[in-house]
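This report refers to the structure that appears directly beneath it.
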Amino acid sequence: MNTRTDRRLMDLQVDRRSFLGMLAAGAAVVGVPSLLSACGGSSAGPTTGYVAAGADVIPTYVPIEYAKPDFPSVNGSTPGFATLPAELVQSVPTPPGKGTAFTAMTPLWGTIPPKSGNQYYAAVDEMLGSTIDFQITDGNTYGDKLATVLASSRDVPDWVCVPTWNLPPRFGSEIVGNVFQDLTPYLGGDKVKDYPNLANIPTDAWRYCVFNGKLYGLPFPGEILTDAIFYRKDVLDGLGITPDVTSAQDLLDLAVEITDTNAGRWGTEDLWNSAAIIFAVPPKWKLDDAGKLVHRVESEEYRAALEWNASVFAAGVVHPDAVADQSGDAKQRFQSGKTLIANDGLGSWHEALRDNLASNPEFWQQPFAPFAGDGGTPVLFKGNPANIFSFLKKSDDEARIKELLSLADVLAAPFGTTEFDVVNNGVEGVHFTRDAQGLPVPTDLAATELQPTYIFLVDGPIANTRVQYPGYVEASSTWQAAASEFVTEPVFFGQQISEPQQYASIAQPFVDLEKDISRGRKSLSDLDAAIATWKSAGGDELRTFYQDILDKQ
């Protein structure tokens, strides 16, 4: 899965596995008490459903290019920069802040840095002209903290990060309009042009920040593709194997070929996520030939993916620990060569290089070119245009809101700017030095002071800038560009839809069923029974709910 918390050139050594996993997998929902009594009624619009944004709500897209990519974007793929700019551009000439002290709540999958004497915070605050006092919570428990804070509007900081997987129930219907600032009057349409770096953020990311027809969020843009099926190219080269995989059967045959249990080597990890990609399982809904909605668990694609993944397990090519559902060590098994095929986020590619090149200079993992289960044309579903948002606390002080947005404009500065360099690398001579090739090398202090914080408030367009890994930028960028040919938008792409709460958990049993069918503990007849239960438990009503939204578009 593809993320950017560690996209800066330093690649700080922090544990982001949980963060990367959630970006790829989606949402784990945390409950939160109703705000209606605390806030004196809801101003957020309909209890459930979807309200389309008017033409004056979505910020106008005004692209800026401070550095020319060596590998340009294709159909929305991530542009790649194989070299560093010779000179950086300061995109915001003077610090825009008024010396105000603001509070911000963000998650962190790493060691929380000290506030006192932190030279990184001091450098960014100087660039902003105001100070941001971070209230940082462990990302693995952030949803619980968020629920507590949102339960009382008095406790909400000035600026709050909300990951999509931590969006609480009734967020759109009761919370967002009561607690957070409607940004439409400030950023909607051409108004965003007052903030050029924010205007440089692509339209899809902004569209996903709309709740009940109004713009509330500031985005952390996502990539159009989040996952890939990787193989250990260096190991296969050593075995004299050049994979030619153009179908699901080809992949299974390769897994059988490379499995050698006597050598302690298995073909694969659990490939359920790979199966969903190969067989084009819809993220949630698809349309049948009559234009009616079919849920993913009812789809033939879902059934085919389950059947194939069960055949992978039955072939004995899955590592025993993966069979036992010990997924936490999957990455280590793959990187150590105990397994040679695994599904992971695109972000794992450069992370693996970071973690392995020093001890194994030949290490290289490579994603398979996209293929379809039947050998035909693959279908890849576009990922969420944003996986994390931030929101500004509701205020009657217009000047305060504008000042916060001016700070956001600085933090959204793209690659090629001094602002991007400071936010991502810190201060030269303090947090990094430069090697013979001019690449930033982190100091010991960087690991203590410089952790991902500001990027959780807002981030600029995605860029692949990890030039320190030879060949990586070219390989990653060209793979994404080629894969983008097969990308399509799923039904309801980029829409924030508030589902009726009674349907929140009816699909949960399928998570366990997927594991059981894959491992042979249950059969596809159990899937039929589970679908019948889902339909009677509210699935058909949920379909009607979504069909009504679709019919009105």
Side-chain angles (χ1 to χ4, degrees), residues 1-25 77-78 80-82 107-111 139-140 163 165 220-223 225-235 269-270 273-274 327-368 383 387-388 415 424-425 432 439-442 446-447 450-453 455-456 459 462-480 483:
M1 52 171 255
N2 173 22
T3 72
R4 298 158 61 214
T5 60
D6 58 348
R7 68 176 185 184
R8 61 188 181 278
L9 298 176
M10 293 190 207
D11 280 334
L12 297 180
Q13 301 292 324
V14 299
D15 181 7
R16 300 176 180 82
R17 181 174 298 165
S18 297
F19 174 56
L20 297 174
M22 285 184 286
L23 280 186
S77 69
T78 302
F81 297 82
L108 179 62
W109 290 264
T111 304
N140 298 308
W165 56 86
F220 182 115
E223 295 191 272
L225 293 171
T226 59
D227 274 35
I229 308 167
F230 289 94
Y231 67 96
R232 283 293 302 277
K233 184 179 184 303
D234 56 325
V235 178
E269 292 293 325
D270 180 358
N273 288 336
S274 298
S327 58
D329 295 327
K331 195 182 298 288
Q332 189 277 332
R333 291 192 294 266
F334 178 70
Q335 293 182 12
S336 66
K338 294 180 180 178
T339 56
L340 301 183
I341 302 172
N343 195 97
D344 210 339
L346 285 177
S348 71
W349 193 349
H350 67 80
E351 285 193 334
L353 295 174
R354 177 199 67 195
D355 295 339
N356 291 279
L357 283 179
S359 59
N360 180 11
E362 301 301 316
F363 179 93
W364 188 260
Q365 65 180 63
Q366 177 76 29
F368 291 103
N387 287 299
I388 296 176
F415 179 69
N424 288 278
N425 291 332
F432 70 94
L439 298 179
V441 177
L450 202 162
Q451 295 287 346
T453 44
I455 61 173
F456 290 124
D459 209 13
I462 301 170
N464 184 350
T465 64
R466 299 179 179 90
V467 300
Q468 69 272 46
Y469 307 124
Y472 167 72
V473 171
E474 179 177 3
S476 175
S477 299
T478 54
W479 182 90
Q480 288 193 52

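Worth knowing before you read on, the calculation uses all heavy atoms, side chains too, and leaves out hydrogens, waters and symmetry mates.
- The side-chain heavy atoms of I341 and F368, taken from C-beta on, include a pair separated by under 4.5 Å.
- Taking OG1 of T465 as the start and NE2 of H350 as the end, the distance is 9.0 Å to the nearest 0.5 Å.
- Ring centers of F334 and F230: at least 6.0 Å apart, outside the cut-off.
- The heavy-atom pair separating S477 from N464 by the smallest distance is OG-ND2, 3.7 Å.
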- Query: For L225 and W479, what are the C-alpha separation, side-chain angles and deciding distance, and is it a side chain to side chain contact (heavy atoms under 4.5 Å, CB included)?
  - Reply: CA-CA 11 Å; L225 293 171; W479 182 90; 4.1 Å; yes

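- When each of D227, D344, N343 is paired with S274, the side-chain hydrogen bond (donor to acceptor under 3.5 Å, both in side chains) condition holds for N343 and for no other.
- The structure places CG of D355 at 8.5 Å from CZ of F363, a figure rounded to the nearest 0.5 Å.
- Using a distance-only test at 3.5 Å, with no hydrogens or angles considered, no donor-acceptor pair links the side chain of S476 to the main chain of Y472.
- In this structure, CG in N387 is found 8.0 Å from CZ in F220, a value given to the nearest 0.5 Å.
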- Query: Under the side chain to side chain contact (heavy atoms under 4.5 Å, CB included) criterion, do N356 and W364 qualify, and how do the steps go?
  - Reply: CA-CA 9 Å; N356 291 279; W364 188 260; over 6 Å; no

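- Atom NZ of K331 is separated from atom CD of E269 by 10.5 Å, given to the nearest 0.5 angstrom.
- Here the straight-line distance linking atom CG of N273 with atom OG1 of T226 works out to 9.0 Å at 0.5 Å rounding.
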- Message: Please determine whether side chain to side chain contact (heavy atoms under 4.5 Å, CB included) holds for the pair L346 and T78, giving the CA-CA distance in whole Å, both sets of side-chain angles, and the decisive distance to 0.1 Å.
- Response: CA-CA 11 Å; L346 285 177; T78 302; over 6 Å; no

- Output, in order, the C-alpha distance, side-chain angles, deciding distance and verdict of side chain to side chain contact (heavy atoms under 4.5 Å, CB included) for Q365 and S348. CA-CA 10 Å; Q365 65 180 63; S348 71; 3.6 Å; yes

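- Between the side chain of R466 and the main chain of V473, no donor-acceptor pair closer than 3.5 Å is present.
- Considering all non-hydrogen atoms of both residues, A352 and Q335 come closest at CB-NE2, 3.6 Å.
- Nearest approach of P107 to G139, heavy atoms of both residues: CB-CA, 3.9 Å.
- For the atom pair CG of L439 and CG of N425, the computed distance is 10.5 Å after rounding to the nearest 0.5 Å.
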